[in-house]
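Okay, structure first, notes after.
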Amino acid sequence: MATVFAPGRVNIIGEHTDYTGGLVLPMALELGITFSGTTGGDRLALTSEGHHPVDLGLDAVDEATPLAAIEPSWVRFLVAVARRLGVSPAVEGSLRSTLPLGGTGLSSSTALTCAALLQYGAEGAPLALAQVARQAEIDATGVEIGLMDQAACLACTPDHALLMDCGDLSVSHVPMPPSMEVLVVHSGQARQLADSAYNDRRQACADIEAMIGPLRQADLGVLARLEDPIHRRRARHVITENRRVLDMVEAFAADDPAAAGRILAEGHASLAEDYEVSIPLVDELVERLDKTEGVYGARMTGGGFGGSVVALCRPGTDLDVDTWWTRARPGGGARIVPA
Ligand code: GLA
């Protein structure tokens, strides 16, 4: 019997940049998924709080069964991982999540995928494992996600955010400055339409890059070469967002909360107006947080269309909101829990 833990994540800044080889600055949460189990055997049998127990014979999940036909749908992540690793998906055990359930945009699917990866015995460097997890998630969902969530889940270290260059996959660990605390606030709206809109944004970036070359190398001067106003706005988001990641790393190093707050506000405006992945409820929450005493700045976090908001604030700041929220200390990456 092995027990593994894999965290959710919140992205501080660097949104919709990973799939064009850009910069991201997520951190792992201390909340996540604990997966206890024994692999081998001839069943995939799991209990988990808040879900019906699952008990499937291996014939229900064998290679001949398309992932999309496997129910309940969360089991697809496990089977996709086992297929990527070339091992049997058989496992008996239990899952427990401290992440709030359902569409919070805190990468619970990635946490489940990475927990399964360790439970099925995968070994290797965190970023190599992250790439396997990403492929498995794409297999399970059909959404062509980038590498940020899996890298955050596997490569983060406590008390640090993870600066990753998604182009050359170099990472560095950025200490959280003493004057700032991270709050994560659920908007109350589960992520919706996220999958088709996500693939659509990705395609727009691919079309833009076919005209002007890599967005990562581009500056705002290239916008004049894009005829389509939507392309111009999408490109402007990605180019300025990469810049904001570097600016945030500087603001952290200088322990400058005013600058950090400004960067979050600009990031949110860019996602809402140029990338068009926010929704009015999330915009209102961001506005409300911006007016809260002690909050330096806030923005939507994750893929968008609902989900959660991240705020940087003075340590100890309390919120008056009626949705789920938490203070978030940067946690460590997925790991085997000693017996
Ligand atoms: C989702 C994807 C990530 C990333 C974000 C947007 O979380 O899984 O790869 O693209 O959206 O920044």
Side-chain angles (χ1 to χ4, degrees), residues 6-29 32 77 80 99 102-114 127 129-156 161-167 169 171 184 186-187 190-206 209 215-216 234-235 237-245 248 263-264 267-268 270-272 274-279 282 299-310:
R9 67 94 186 94
V10 63
N11 189 19
I12 298 169
I13 192 82
E15 214 68 84
H16 287 281
T17 50
D18 59 352
Y19 47 83
T20 45
L23 301 172
V24 294
L25 189 68
M27 63 178 233
L29 300 172
F77 295 101
L99 287 165
T104 49
L106 302 177
S107 290
S108 53
S109 302
T110 297
L112 178 61
T113 304
C114 294
L127 285 182
L129 291 179
Q131 293 181 68
V132 180
R134 169 175 174 262
Q135 283 306 331
E137 275 194 68
I138 293 174
D139 297 344
T141 62
V143 185
E144 287 282 329
I145 49 173
L147 190 63
M148 169 173 72
D149 303 342
Q150 299 74 22
C153 183
L154 288 153
C156 278
L162 183 79
L163 171 64
M164 178 162 78
D165 180 324
C166 300
L169 299 190
V171 296
V184 182
H186 186 31
S187 65
R191 294 181 62 210
Q192 28 158 243
L193 292 176
D195 293 358
S196 58
Y198 188 93
N199 281 340
D200 171 81
R201 295 302 182 280
R202 223 195 133 115
Q203 185 57 49
C205 285
E209 291 194 313
L215 276 163
R216 177 61 199 288
R234 303 292 188 256
H237 166 72
V238 176
I239 294 165
T240 57
E241 186 78 353
N242 281 324
R243 182 71 242 167
R244 280 187 286 274
V245 174
M248 186 63 88
I263 295 163
L264 289 188
H268 185 77
S270 179
L271 285 165
D274 278 349
Y275 221 65
E276 295 180 285
V277 290
S278 189
I279 57 170
V282 169
R299 68 171 197 93
M300 60 153 271
T301 185
F305 303 99
S308 295
V309 165
V310 61

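Both counts, for ligands and for their atoms, begin at 1 and track the order of listing. Counting from 1, the numbers follow the sequence of the chain as shown. Source: prediction; values computed, not measured.
Counting heavy atoms from C-beta outward, S278 and L271 have side chains that stay 4.5 Å or more apart.
The closest donor-acceptor contact from the side chain of R134 to the backbone of Q150 lies at 3.5 Å or more, if one exists at all. Remark: the backbone N or O of V24 is not paired with any side-chain donor or acceptor of T17 at under 3.5 angstrom.
Residue T17 has no nitrogen or oxygen atom sitting less than 3.5 Å from a nitrogen or oxygen atom of ligand 1, judged on distance alone. Where the criterion is an N or O separation shorter than 3.5 Å, residue side chain and backbone included, I145 fails it with respect to ligand 1. Polar contact with ligand 1: present for H16 (N/O pair, distance under 3.5 Å).
Interface of Y198 with ligand 1, defined as ligand atoms under 4.0 Å from a residue heavy atom, comprises 1 (C), 2 (C), 3 (C), 4 (C), 9 (O), 10 (O), 11 (O). Close approach of ligand 1 to E15 is summarised as follows: ligand atoms under 4.0 Å from at least one heavy atom of the residue are 5 (C), 6 (C), 12 (O). Every atom of ligand 1 with a heavy atom of G146 under 4.0 Å away is listed here by number and element: 9 (O). Of all atoms in ligand 1, numbered sequentially from 1 with element shown, those under 4.0 Å from a heavy atom of Y19 are 10 (O).
No hydrogens or angles considered: nothing links the side chains of S109 and E137 as a donor-acceptor pair under 3.5 Å.
In terms of the side-chain hydrogen bond (donor to acceptor under 3.5 Å, both in side chains) criterion, residue partners of S270 (sequence neighbours excluded) are, by chain and number, H237, R244. A search for side-chain hydrogen bond (donor to acceptor under 3.5 Å, both in side chains) contacts involving E15 returns N11, R299, not counting sequence neighbours.
Remark: minimum distance from atom 5 (C) of ligand 1 to any protein heavy atom is reached at M148 CE, 3.8 Å. The closest protein non-hydrogen atom to atom 8 (O) of ligand 1 is D149 OD2, 2.6 Å. Protein heavy atom nearest atom 3 (C) of ligand 1, with residue, atom name and distance: D18 OD2, 3.3 Å.
By the criterion of a heavy-atom distance under 4.0 Å, the side chain of R9, and not its backbone, is placed next to ligand 1.
With salt bridges taken as basic N to acidic carboxylate O contacts below 4.0 Å, one links E276 and R234.
Taking both residues in full, the closest heavy atoms of G142 and N199 are given as O-ND2, 3.4 Å, listed atom of the first, atom of the second, then distance.
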